[in-house]
Amino acid sequence: MLIATWNVNSVRQRAAHLLRWLKQAQPDIVCLQELKCLDDAFPRLEVEAAGYHVETLGQKTFNGVAILARKRPDEVIRGLEGDDADSHARYMEAVFSTESGVVRVASIYLPNGNPPLSEKYPYKLGFMERLRRRAAALLRLEEPLVLAGDYNVIPEPIDARDPAAWVSDALFLPQTRAAFRRLLALGLTDALRACDQAPERYSFWDYQAGAFQKNNGIRIDHLLLSPQAADRLVTCRIDKETRSWDKPSDHVPVLVELNLA
DNA sequence: ATGTCGCATTCCATGCGA
């Protein structure tokens, strides 16, 4: 089973890319972030015609997440508990039955948090703590679980071409990295790093200043696995090719293959 | 080189978020 995450930076602008990539990559489950539209504006008919069931949590202008899948989920949960005042569409889960049992997948669009001295940074850290609590609860289910999405976290210096350029950025501040480590310390596995410890494994390149041409990237899109999912890990890779397509998203898909039927 | 996108509106120019 192939499970992917991709921040598409407007699903309406990226619909043709999404369809082309679905056909090419043949994923079973896809977590999307930054839909930047309401549910009704999602290109549902086209994606369904490509063979995918569509579950969305849209929002006008910003944010928005979705989970696409070959099969209809048994259950969908929209929103991340722990803050009734949080109106951002940044989190959803879906549970699927397979021949090998259940798999639970979350699509996460973690807040960017910049600038760090604004209210946006405590919102990011609060969201990360809520995610940690949710992950802890889900881990108690002892299911194959994939927490997939745009974390807006550069975990380690090796995950940036120029780490010095990010030291004061909300994506790489010590508090951000510590919160990410607390998540991992629950017993989650960073799927890409379990498969590949090489440098220059990036999932995002800024649109500005020819960042992609210079390979001036960062790795901020992650698939975190529960022990039951990690036990079934076959491989994980970044699909860098889509960044070279015409009018691309600034993020590329990251895919994990699990030994699940 | 503050050099790019995508969204929305006070709408063909600007501010915001990233």
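Lettering follows sequence order; numbering is per chain, from 1. Everything quoted here is computed from the prediction, not taken from an experiment.
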If each of A:Lys60 and A:Asp150 is mapped to the nucleotide of DNA chain B with the nearest heavy atom, which maps nearer the 5' terminus, i.e. the 5' end?
A:Lys60
Name the residue closer to the 5' end of DNA chain B, choosing between A:Phe204 and A:Gln13 according to the nucleotide with the nearest heavy atom.
A:Gln13
Pairwise salt bridge (charged side-chain N to carboxylate O under 4.0 Å, His left out) hits with a residue in residues 19-29 of chain A, at least two apart:
none
My understanding is that only residues two or more places apart in sequence, or in another chain, count here; which of them pass side-chain contact (heavy atoms from CB on, under 4.5 Å) with A:Arg182?
A:Arg132, A:Ala178, A:Ala179
Quick one: side-chain contact (heavy atoms from CB on, under 4.5 Å) partners of A:Ile158, sequence neighbours excluded?
A:Glu156, A:Arg193, A:Pro199
Any side-chain heavy atom of A:Pro144 within less than 4.5 Å of one from A:Leu258?
no
Tell me, do A:Cys31 and A:Val65 make a side-chain contact under 4.5 Å, heavy atoms counted?
no
For A:Leu19, the other hydrophobic cluster members (4.5 Å side-chain criterion, sorted by chain and number) are A:Leu2, A:Trp6, A:Val8, A:Val11, A:Leu18, A:Trp21, A:Leu22, A:Val30, A:Leu32, A:Leu35, A:Phe42, A:Val47, A:Tyr52, A:Val54, A:Leu68, A:Trp245, A:Leu255
Inter-nucleotide [atom1] distance ([N], [M]), Å rounded:
| N | M | atom1 | result |
| --- | --- | --- | --- |
| B:dG6 | B:dA1 | C1' | 22 Å |
| B:dG15 | B:dT10 | P | 14 Å |
| B:dG3 | B:dA8 | C1' | 24 Å |
| B:dT2 | B:dC16 | C1' | 15 Å |

Looking at residues 107-118 of chain A, who's got a heavy atom less than 4.0 Å off DNA chain B?
A:Tyr109, A:Asn112
Check this for me: does any side-chain nitrogen of one of A:Asp159 and A:Arg177 sit under 4.0 Å from a carboxylate oxygen of the other?
no
Hey, where on DNA chain B does chain A first and last touch, going 5' to 3'? Cut-off is any atom under 4.0 Å from a heavy atom.
B:dG3 to B:dA18
Which part of the nucleic acid, if any, lies within contact of A:Lys120, taking any heavy atom under 4.0 Å across all strands shown: a base, the sugar-phosphate backbone alone, or nothing?
sugar-phosphate
Going by the angle between their ring planes, with limits at 30° and 60°, are A:Phe212 and A:Trp205 parallel, tilted or perpendicular?
perpendicular
